Amino acid sequence: MTELTDEERYRFETLGLFVRPAILSDDLVAQVKSQVRTDERSIPAGPAAALIDHPGVLGAVTELIGSDPRLEHVEVLDRHSGNVAWGGMPAEPYRSDMHLFANGTRRGRAVCGVVRVSFELDRVEPGERATVFVPGSHRVESGRPVDLVDRPDDPDDPLFASFGCPPGSAVISSEFLIRSSPPWPSSRDQSTVSFVYAHPAVAYSRNIVTREVLDALPLRVRGYLRDPWQYDFGTQPPTRNVLDRHLASMSKGGS
């Protein structure tokens, strides 16, 4: 299943995220976990390349973005160290131009300019609160979301919610969602691979993918890391920044 269900659309619009449990095969989970442990800098090439256009998430991301998405950022999260950064554009002083790519509704469906897909490679128990988030915060358009000037450090604060899921699950969320990943007290080997997808016209973050890793990607997914633009009006008719155009160009030896 790739398209969003009505329940997923509702959860995305109200909470800011939903979970697709255990969509990765046990074999793929094992391969990516090994890659994280031995050569994290090779991601998203190697076994992790199968995550970029995984059929369990690609249709949902494309529907939410409203166009062929770009892979804007790659992140590997070590659960032992955590990530206390509050992700999302609204974490900075609000910029009036950003609302053009924020969460909205188009033809009765939720849309979002920047979507994060986090592949949980291990079981996440709800009580461990590996990732905590403020439900509905992706809908707030203020100078600082929910005016969290004094942001609480306690992940058990009732302001936050969390989730649990089996290994190989994908957590699909709005990048505007206020969230944090506190370090786990668990001694288990835990990690997450996150991909941030953006609308073709959005330049959201600096991609950390090196040229060496980019060249190691299969051709079918290399076009997801194309440059941000939507239309080239120097051609007639205007050229759209779609995946097929870039794949065709690269297959002919173009850039």
Side-chain angles (χ1 to χ4, degrees), residues 1-36 42-77 79 87 103 109-126 130-131 133 138 162-175 177 179 181 190-200 209 217-226 242-244 247:
M1 177 185 62
T2 58
E3 294 183 352
L4 292 171
T5 66
D6 288 341
E7 179 181 349
E8 288 172 339
R9 293 186 186 103
Y10 179 79
R11 287 181 178 273
F12 188 87
E13 191 157 357
T14 56
L15 298 179
L17 62 74
F18 60 89
V19 179
R20 288 193 165 175
I23 64 170
L24 304 183
S25 67
D26 293 343
D27 183 57
L28 180 56
V29 169
Q31 290 182 48
V32 177
K33 286 180 67 174
S34 177
Q35 184 180 5
V36 169
S42 69
I43 293 175
L51 306 180
I52 296 176
D53 61 346
H54 193 280
V57 300
L58 187 58
V61 171
T62 300
E63 178 178 327
L64 291 168
I65 295 293
S67 181
D68 284 347
R70 292 175 48 253
L71 179 55
E72 178 75 7
H73 188 70
V74 179
E75 181 178 21
V76 179
L77 177 63
R79 291 301 193 196
N103 298 269
R109 292 188 173 187
V111 292
C112 182
V114 187
V115 175
R116 177 178 290 263
V117 179
S118 297
F119 291 97
E120 298 289 352
L121 303 180
D122 297 274
R123 178 175 296 279
V124 177
E125 301 293 346
T131 297
F133 63 96
H138 62 307
S162 188
F163 57 84
C165 59
S169 298
V171 182
I172 301 177
S173 63
S174 167
E175 189 64 359
L177 190 68
R179 62 181 171 275
S181 297
Q190 301 279 347
S191 56
T192 299
V193 176
S194 288
F195 293 153
V196 176
Y197 295 89
H199 185 277
V209 177
L217 284 169
L219 179 62
R220 77 171 199 283
V221 296
R222 208 174 301 173
Y224 286 101
L225 286 93
R226 61 197 187 276
V242 295
L243 181 63
D244 287 346
L247 294 180

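Everything quoted here is computed from the prediction, not taken from an experiment.
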Point-to-point distance, once rounded to the nearest 0.5 Å, from CD of E63 to CD1 of I65: 11.0 Å
side-chain hydrogen bond (donor to acceptor under 3.5 Å, both in side chains) involving R222 - partner list, sequence neighbours excluded: none
Closest approach of P47 to Q35 (non-hydrogen atoms, all atoms of both residues): CD-OE1, 3.2 Å
Rounded distance [0.5 Å steps], CZ in F119 versus CD1 in I23: 5.0 Å
Shortest non-hydrogen separation from A170 to V57 and the atoms involved: CB-CG1, 3.6 Å
Test side chain to side chain contact (heavy atoms under 4.5 Å, CB included) applied to P44 and L51, V209, V221, the passing residue: V209
Under the side-chain hydrogen bond (donor to acceptor under 3.5 Å, both in side chains) test, residues paired with S169 that sit two or more places apart: none
Under the side-chain contact (heavy atoms from CB on, under 4.5 Å) test, residues paired with T14 that sit two or more places apart: Y10
Results of side-chain contact (heavy atoms from CB on, under 4.5 Å) for A49 - residues two or more places apart only: L217, P218
Interatomic distance, F163 atom CZ to R11 atom CZ [nearest 0.5 angstrom]: 12.5 Å
Set of side-chain contact (heavy atoms from CB on, under 4.5 Å) partners for L17, sequence neighbours left out: F133, V171, S173, L177
side-chain hydrogen bond (donor to acceptor under 3.5 Å, both in side chains) against S194, all qualifying residues, sequence neighbours excluded: S118
From L64 atom CG to E13 atom CD, the distance as rounded to the nearest 0.5 Å: 10.5 Å
Contact summary for S174 and F12, nearest pair of heavy atoms: N-CE1, 3.5 Å
Separation of F195 CZ from I43 CD1 (nearest 0.5 Å): 7.5 Å
Close side-chain approach of L24 and H54, heavy atoms under 4.5 Å: yes
Minimum heavy-atom distance E75-R116, with the two atoms named: OE1-NH1, 3.0 Å
D68: salt bridge (Lys or Arg N to Asp or Glu O under 4.0 Å) partners, not counting sequence neighbours: none
R226: salt bridge (Lys or Arg N to Asp or Glu O under 4.0 Å) partners, not counting sequence neighbours: none
Backbone of A45 reached by a side-chain donor or acceptor of S42 within 3.5 Å: no
Euclidean distance, E175 CD relative to E72 CD, rounded to 0.5 Å: 10.0 Å
Donor-acceptor contact present, side-chain Y197 to main-chain I52, <3.5 Å: yes
Residues forming a side-chain hydrogen bond (donor to acceptor under 3.5 Å, both in side chains) with D6, sequence neighbours excluded: R9
Residues which pass side-chain contact (heavy atoms from CB on, under 4.5 Å) with P167, listed by chain and number, not counting sequence neighbours: R123
Minimum heavy-atom distance D122-K33, with the two atoms named: OD1-NZ, 2.7 Å
Heavy-atom closest contact (C165 atom, E120 atom, distance): SG-CG, 3.9 Å
